[in-house]
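The figures here come from the full heavy-atom set of this structure, side chains too, leaving out hydrogens, waters and symmetry mates.
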Amino acid sequence: MSLIKEDTEIEERKIENNISEEIISEKIISEDVTTEQFESHVPIPVDKYRNFLFFDASERHVTATNQEAVIRAAKDIKNNKVLAIKDHGGFHLVCSPYSRDAIAELRRVTRKEKDPLYLMFDNVRSLSRIFLMSSLENEIITCAAEPIVMLKLKLRPFPLNLFDGLYCGCSIANTQTRGALCVEAGVFAYTEAIEYDNLIIYQDLEMIRFANEHKISVLSQDWVIPFPIEDSIIKCIENKPILIRRARGFAMEPIKLPKNDLIKEISVLAMGGDMSNTFCARQNNKYTVSQTLGDLSHQRVYETVKDILRDYRETNRFQPDVIACDAHPGYYSGDLAREISQQTNTPVKYVQHHHAHVASVMSEHSLDEAIGVAFDGGGCGGDGQIWGGEFLICKGGEYTRAGHLAYTKTIGDINGVRKSEPHDSSDTSISSHTITYDKTFDKSFDRLNNKLFKTRNINIQSRIKKNAQNIPIVPESSRDARKTAFFHLVEAGLYNENTKLAMALKNNIGTINTSSITRLFDTAACLLELENYNHFDGQCAQSLERAAELAINSSLARIEMDFDISETLEPDYMCIVGFIGILRTLLSKIEPYDIIHGKITNWYSLDYRRALALGFHHAVAKMINSVCKRLREREEINNVCLAGSVFQNKILTEMTYKLLVESGFYVFRNELFPPNDASLSVGQAYVVSQKNSRDDLKNSDFMIE
């Protein structure tokens with residue numbers, strides 16, 4: 001079998017000559033690999049086929065039961081049709097992973113144009129023929145929790161529209177439905193059945209309606225799913241498992257964390273954030289965290305969270321002493337916290353977003369103090385701006401901002417009036433407020449007239465409370481890396497044409513400031529022409545990471561670049577991390593105007609862009625190490641906590657970890673909880689537990705802390 005090696009010549013021919021994916025795929029398929037090799041031929045006990053029902057979309061009723069139902073379902077997969085299956089926690093949509101047309105249809109039905117799809121194998125042996133797998137990954141993928149594990153490809157028998165990166169989420173068929181289907185159909189691709197929002201479909205009648213609408217069949221079973229829950233996702237970094245999504249097999253299991261002397265014996269209900277929402281119940285130093293529940297701006301998700309939370313409180317007779325939530329006054333999670341507060345006469349305490357990220361790491365490792373590196377897409381900062389590239393000094397339940405990525409002005413939705421209730425996305429008349437640049441900025445974007453900064457409408461989820469309109473959120477326009485790149489070029493003084501949009505930025509017309517390093521990753525991916533749009537969270541950053549890893553695989557020397565770090569003393573000490581030098585290096589062979597106006601004649605070679613991507617990652621790691629050393633010198637703290645969704649990046653995390661350890665730091669990161677927003681509730685519970693006793697709460701007010 002041949003190892004996967006994305007040849008430079010093939011990649012450049014794909015870019016320049018638009019060679020079809022089928023041709024490229026054939027180049028990296030070993031000749032001795034066939035579909036049949038990966039199909040299971042192990043007989044399954046007859047009782048495993050009990051209770052199955054096959055709903056035929058064309059006939060609109062149940063047409064087969066038990067073993068015949070599974071055989072009919074497998075036939076649909078082999079005939080390259082999309083099928084819905086009922087599994088633990090909800091319905092999944094599945095298809096053959098070998099058919100480009102079937103995968104395209106699955107993406108059409110789910111509206112997941114670029115989102116990750118997963119692969120289901122019947123056993124480890126067949127999986128290990130296609131993916132590299134360490135002993136740790138082998139142990140994880142076969143554990144009782146049955147998680148999805150992100151594995152690196154070594155052989156590609158699948159079309160590129162299944163996944164075009166180096167990693168894919170894989171799992172072993174251990175449940176009744178998956179096991180029976182794998183026996184009859186072999187390996188299959190799957191994803192959650194989601195409609196309009198991030199909540200998996202889990203009710204039979206809802207699935208039947210969905211199936212009729214999309215003309216797909218359903219393999220179901222005659223039992224009821226009480227609440228939706230998705231599969232857990234795990235990625236191994238530095239030979240340690242990192243939970244990307246903490247759900248089935250891990251959620252709602254009480255975790256006893258190391259006791260910290262500063263922790264007060266109070267019970268806390270923490271509501272997390274709005275994206276990747278979780279809630280956390282802390283009692284007797286045990287933390288019970290829900291599965292990742294989705295985006296609370298959707299009505300169904302909001303109501304489901306209320307139902308799950310009510311069920312948990314009633315079942316466990318849980319009455320918190322205090323409720324914690326994010327400090328952003330426009331978050332729906334805050335609304336839910338205040339609603340429960342009024343019902344139970346329980347005080348609410350507010351925790352800053354990035355402080356909660358760092359605190360979630362501190363809670364796992366029982367730290368009294370640490371230098372917190374909180375890197376993510378953005379959250380409401382203590383100064384009313386969008387933070388996301390933060391260095392915090394955390395002591396006990398307090399934090400001080402000691403450094404950050406330099407602010408960039410962006411134009412987004414800061415004046416929208418948030419709805420009084422979460423919206424139902426299926427009703428487009430009330431679901432969103434669509435903002436275009438037609439009146440103010442359309443002519444400016446028309447002048448750009450190129451593929452890099454093409455105008456598009458921006459669908460904005462209005463989430464700002466009427467009494468807090470000046471507190472920004474991360475706008476939906478941040479998904480467009482072309483606009484993000486434009487904002488960074490203007491901020492860096494590398495684009496000086498006096499367009500109306502550039503003048504609006506320079507004159508602070510409708511602008512908001514962000515220090516988000518995720519947006520800088522988006523900019524780098526865009527300028528290197530790796531990805532221009534985030535169809536799912538972190539897509540541009542993942543493309544940049546993939547390019548860096550391919551550079552490592554090809555033994556390419558990284559192209560060095562550096563951030564500009566300065567220090568301020570007034571009014572407080574602060575490290576400001578400038579990025580102008582980074583952008584200049586990324587643009588070293590061409591002018592920004594050439595990029596913006598699409599006049600590029602000699603674009604970077606593919607290897608050169610990969611070397612730049614690797615250099616960018618190393619520059620971020622060096623910058624983190626440099627700032628932490630400065631802060632250690634001032635604060636005499638040797639603990640560093642790496643927190644936030646950016647540290648799901650394997651290349652960056654491993655580089656940063658290595659440099660920090662070499663500098664003598666003790667480095668900590670999330671291990672029991674995801675580094676993304678799903679860990680916010682844990683951090684909130686930890687901070688509030690450090691700062692408050694029951695006596696403190698008796699006369700507590702509701703002010704933001």
Ring pair (Phe, Tyr, Trp, His ring centres under 6.0 Å) filter on F521, not counting sequence neighbours, yields F616, H617

Between E364 (side chain only) and L672 (backbone N and O only), is there a donor and an acceptor less than 3.5 Å apart? yes

Quick one: CG on L93 to CD on E192, what's the gap to the nearest 0.5 Å? 9.5 Å

What closest approach, in Å, do D204 and S220 show between heavy atoms, and which atom pair accounts for it? OD1-OG, 4.0 Å

Give a yes or no on whether the backbone of D295 and the side-chain of D274 come within a donor-acceptor separation of less than 3.5 Å. no

Residues passing the salt bridge (charged side-chain N to carboxylate O under 4.0 Å, His left out) test with E635, sequence neighbours excluded, are K395

With sequence neighbours left out, the residues meeting salt bridge (charged side-chain N to carboxylate O under 4.0 Å, His left out) with K240 are E671

Go through the steps to decide whether K409 and N508 satisfy the test side chain to side chain contact (heavy atoms under 4.5 Å, CB included), and finish with yes or no. CA-CA 8 Å; K409 295 176 187 174; N508 299 318; 2.9 Å; yes

Any chance you could lay out the salt bridge (Lys or Arg N to Asp or Glu O under 4.0 Å) test for K112 and D115, step after step, and finish with the verdict? CA-CA 5 Å; K112 292 184 176 181; D115 294 43; 5.5 Å; no

In chain order, what residues pass the ring pair (Phe, Tyr, Trp, His ring centres under 6.0 Å) check against F250, with sequence neighbours excluded? none

Between C394 and H355, is the side chain to side chain contact (heavy atoms under 4.5 Å, CB included) condition met? List the steps. CA-CA 8 Å; C394 299; H355 185 201; 3.9 Å; yes

For S679, side chain to side chain contact (heavy atoms under 4.5 Å, CB included) partners two or more places apart: H357, S360, N670, F673

Classify the side-chain pair S267/D321 by whether it contains a donor and acceptor separated by less than 3.5 Å. yes

Below 4.5 Å, heavy atoms only, C-beta onward: do Y686 and Y287 meet side chain to side chain? yes

With E398, which residues qualify under side chain to side chain contact (heavy atoms under 4.5 Å, CB included), at least two apart? K691

Take T177 and Q221 through the side-chain hydrogen bond (donor to acceptor under 3.5 Å, both in side chains) test and state the conclusion after the steps. CA-CA 9 Å; T177 306; Q221 291 180 279; 2.7 Å; yes

Just by distance, do the side chain of Q291 and the backbone of A247 share a donor-acceptor pair under 3.5 Å? no

Any donor-acceptor N/O pair, S516 side chain to T518 backbone, under 3.5 Å: yes

According to ring pair (Phe, Tyr, Trp, His ring centres under 6.0 Å), who are the partners of F279, at least two apart in sequence or on a separate chain? none

Checking R401 now: which residues fulfil salt bridge (charged side-chain N to carboxylate O under 4.0 Å, His left out) with it, not counting sequence neighbours? D383, E390

F391 vs F375, ring pair (Phe, Tyr, Trp, His ring centres under 6.0 Å): CA-CA, chis, key distance, verdict: CA-CA 9 Å; F391 293 88; F375 283 8; 5.7 Å; yes

Heavy-atom count check: over 12 atoms from other residues, nucleotides or ligands less than 6.0 Å from F536 CZ? yes

Within the side chain of S232, is there an N or O that forms a donor-acceptor pair under 3.5 Å with the backbone of P147? no

Y190 meets the ring pair (Phe, Tyr, Trp, His ring centres under 6.0 Å) criterion, sequence neighbours left out, with H92, Y118

Is a side-chain N or O of Q539 found less than 3.5 angstrom from the main chain of H535, in a donor-acceptor match? yes

Side chains of S681 and T278: is there a donor and an acceptor less than 3.5 Å apart? yes

So, N285 side chain and L257 main chain: donor-acceptor pair closer than 3.5 Å or not? yes

Would you mind listing every salt bridge (Lys or Arg N to Asp or Glu O under 4.0 Å) that reaches into residues 224-237, with sequence neighbours excluded? R178-D231, E230-R245, D231-R248, K235-E545

When you measure from the side chain of S341 to the backbone of A337, do you find a donor-acceptor pair of N or O atoms at a distance under 3.5 Å? no

Is any side-chain heavy atom of Y666 closer than 4.5 Å to a side-chain heavy atom of V640? no

Looking at L269 and R313, what are the two nearest heavy atoms and their distance? CD2-CD, 4.5 Å

Qualifying residues under side chain to side chain contact (heavy atoms under 4.5 Å, CB included), relative to K306, sequence neighbours excluded: Y302, E303, L336, E339

Check side chain to side chain contact (heavy atoms under 4.5 Å, CB included) between A211 and all other residues, then give those that pass, not counting sequence neighbours. I216, V218

